[in-house]
Protein chains: 2
Amino acid sequence: MAYQKIFTAMADPTRRIVLEKLKGKPRTVADIANDMPVSRPAVSQHLKVLQEAGLVNVEAIGTRRFYSLRREGIEKLRKYLDGFWEDVVASYAAKVFKRKNADGGTE
Amino acid sequence: MAYQKIFTAMADPTRRIVLEKLKGKPRTVADIANDMPVSRPAVSQHLKVLQEAGLVNVEAIGTRRFYSLRREGIEKLRKYLDGFWEDVVASYAAKVFKRKNADGGTE
DNA sequence: TTTTTTGGTAAGCCACAACTTACCGTATTC
DNA sequence: GAATACGGTAAGTTGTGGCTTACCAAAAAA
């Protein structure tokens, strides 16, 4: 199950701040680390985790590395969460089906 | 931000197994702990975390306690994830708007 | 009323995750 | 070429999260 890395990555508050900083546009590490309560290497380590979880992309330009949101990763999480409704719909449909066939569809 | 508890709760693989076991119907603690690689008290502790995150409900019947999925909690997470697309849509709309007003709407 | 079932809580252990500082390599710029 | 900017990685520390066993309270069954 590859959801593990995504959940783990998003469970950390600092990493979520990083992700939210990338909402608007790609940013460099120094840019991201700016105004953050943790050191630049810490941010670097968080970015590694986010990258391995498939939540960010990197593009190196000169000595700078631009990190950007990778929304496919987030989409994966959404899909997983959707799974918690499938059964509700299924059981409801089954109930309706059962009733329709039990009383001849009077309801 | 109340998302923290939900993310933390869902980041643990054992807790996700518990949640998935509750998909179909409410279950007792012993029922949930059955076939799990961890002890019954461990499951009890996990259920506490899930409850505090708003992901499960409890109903006590006699000495047994039936735990059930609380989908509003999961829905909250979905809403948060949705936030990562809003900006995309907004910036796209802004771009289209800008272009329409720049060249008189030829595209 | 004793015994059994059910499950929450306390205490203690241990692994790991999130930091820090120190260091290094590689592009720019002077 | 020397100095500076940028950022990844190593090593070490520390708090905490998940587990275990032991214990306790309450309801049901005997």
Trainee: Determine whether A/R78 and B/F84 satisfy the following criterion, side-chain contact (heavy atoms from CB on, under 4.5 Å), listing intermediate values before the conclusion.
Mentor: CA-CA 11 Å; A/R78 275 184 48 124; B/F84 284 96; over 6 Å; no
Trainee: Are the side chains of A/L47 and A/V58 in touch, meaning some heavy atoms are under 4.5 Å apart?
Mentor: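 A/L47 does not reach A/V58 side chain to side chain.
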Trainee: Do the side chains of B/V38 and B/Q45 get nearer than 4.5 Å, heavy atoms only?
Mentor: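 SC-SC contact between B/Q45 and B/V38 ruled out.
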Trainee: Under a 3.5 Å distance rule, please check whether A/Q4 uses its side chain to pair with a backbone N or O of B/D12 as donor and acceptor.
Mentor: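 No, A/Q4 side chain to B/D12 backbone: no donor-acceptor pair under 3.5 Å.
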Trainee: Whole Å only: how far is the CD atom of B/Q45 from the P atom of C/dG12?
Mentor: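 It works out to 15 Å between those atoms.
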Trainee: Would you tell me if any nitrogen or oxygen in the side chain of A/H46 comes within less than 4.0 Å of OP1 or OP2 on C/dC19?
Mentor: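 For C/dC19, OP1/OP2 do have a side-chain N/O of A/H46 under 4.0 Å.
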Trainee: CG of A/D12 versus P of D/dG15: gap in Å, rounded?
Mentor: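 It is 17 Å, rounded to the nearest whole Å.
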Trainee: Expressed as a whole number of angstroms, how long is the span from B/F66:CZ to D/dA27:C1'?
Mentor: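 Computing the B/F66:CZ to D/dA27:C1' distance gives 14 Å.
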Trainee: By nearest nucleotide on DNA chain C, pick out whichever of B/D31 and A/G62 is the more 5' one.
Mentor: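 Its nearest nucleotide being more 5', the pick is B/D31.
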Trainee: Using a cut-off of strictly less than 4.0 Å, decide whether B/S44 has a side-chain nitrogen or oxygen near OP1 or OP2 of C/dG8.
Mentor: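 It does, given that an N or O in the side chain of B/S44 lies less than 4.0 Å from OP1 or OP2 of C/dG8.
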Trainee: Distance check needed: D/dA5 C1' versus A/R40 CZ, whole Å only.
Mentor: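 Atom-to-atom, A/R40 to D/dA5, this comes out as 10 Å.
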Trainee: Taking atom C1' of D/dG7 as reference, at what distance in whole Å does atom CZ of A/R27 sit?
Mentor: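 A/R27 atom CZ is separated from D/dG7 atom C1' by 17 Å.
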Trainee: What's the shortest heavy-atom distance between A/Y80 and B/R16, and which atoms?
Mentor: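 For A/Y80 versus B/R16, the nearest heavy atoms are OH-CD, 3.3 Å.
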Trainee: Are any protein N/O atoms closer than 3.5 Å to N/O atoms in nucleotides 1-6 of chain C? If there are, list each pair with its distance.
Mentor:
residue : atom : partner : partner atom : Å
C/dT6   : O4'  : B/T63   : OG1          : 3.4

Trainee: Atom CZ of A/R16 to atom P of C/dA18: distance rounded to whole Å?
Mentor: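 About 12 Å, once rounded to whole Å.
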Trainee: Figure out the CG/P separation between B/L47 and D/dC19, and round it to whole Å.
Mentor: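 Result: 12 Å.
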Trainee: Is the shortest side-chain N/O distance from A/Y67 to OP1 or OP2 of D/dC6 below 4.0 Å?
Mentor: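 So the side-chain polar atoms of A/Y67 never come under 4.0 Å of the phosphate oxygens OP1 or OP2 of D/dC6.
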Trainee: Which of these passes side chain to side chain contact (heavy atoms under 4.5 Å, CB included) with A/R15: A/V56, A/L50, A/L55?
Mentor: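 Among A/V56, A/L50, A/L55, the one that satisfies the side chain to side chain contact (heavy atoms under 4.5 Å, CB included) with A/R15 is A/L50.
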Trainee: At under 4.0 Å, does any side-chain N or O of B/R15 touch on OP1 or OP2 of D/dG18?
Mentor: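 For B/R15, the contact criterion (side-chain N or O under 4.0 Å from OP1 or OP2 of D/dG18) is met.
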Trainee: Given the rule that I, L, V, M, F, W and Y join up when any side-chain heavy atoms are under 4.5 Å apart, are B/V29 and B/V49 in one cluster?
Mentor: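 Per the 4.5 Å side-chain linkage, B/V29 and B/V49 are not co-clustered.
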Trainee: For the pair made of CD in A/E52 and C1' in D/dG8, what is the distance, rounded to whole Å?
Mentor: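 It is 13 Å, rounded to the nearest whole Å.
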Trainee: Hey, which of these two, A/A11 or A/I61, hits DNA chain C nearer its 5' end, going by closest nucleotide?
Mentor: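 Counting from the 5' end, the first nearest nucleotide belongs to A/A11.
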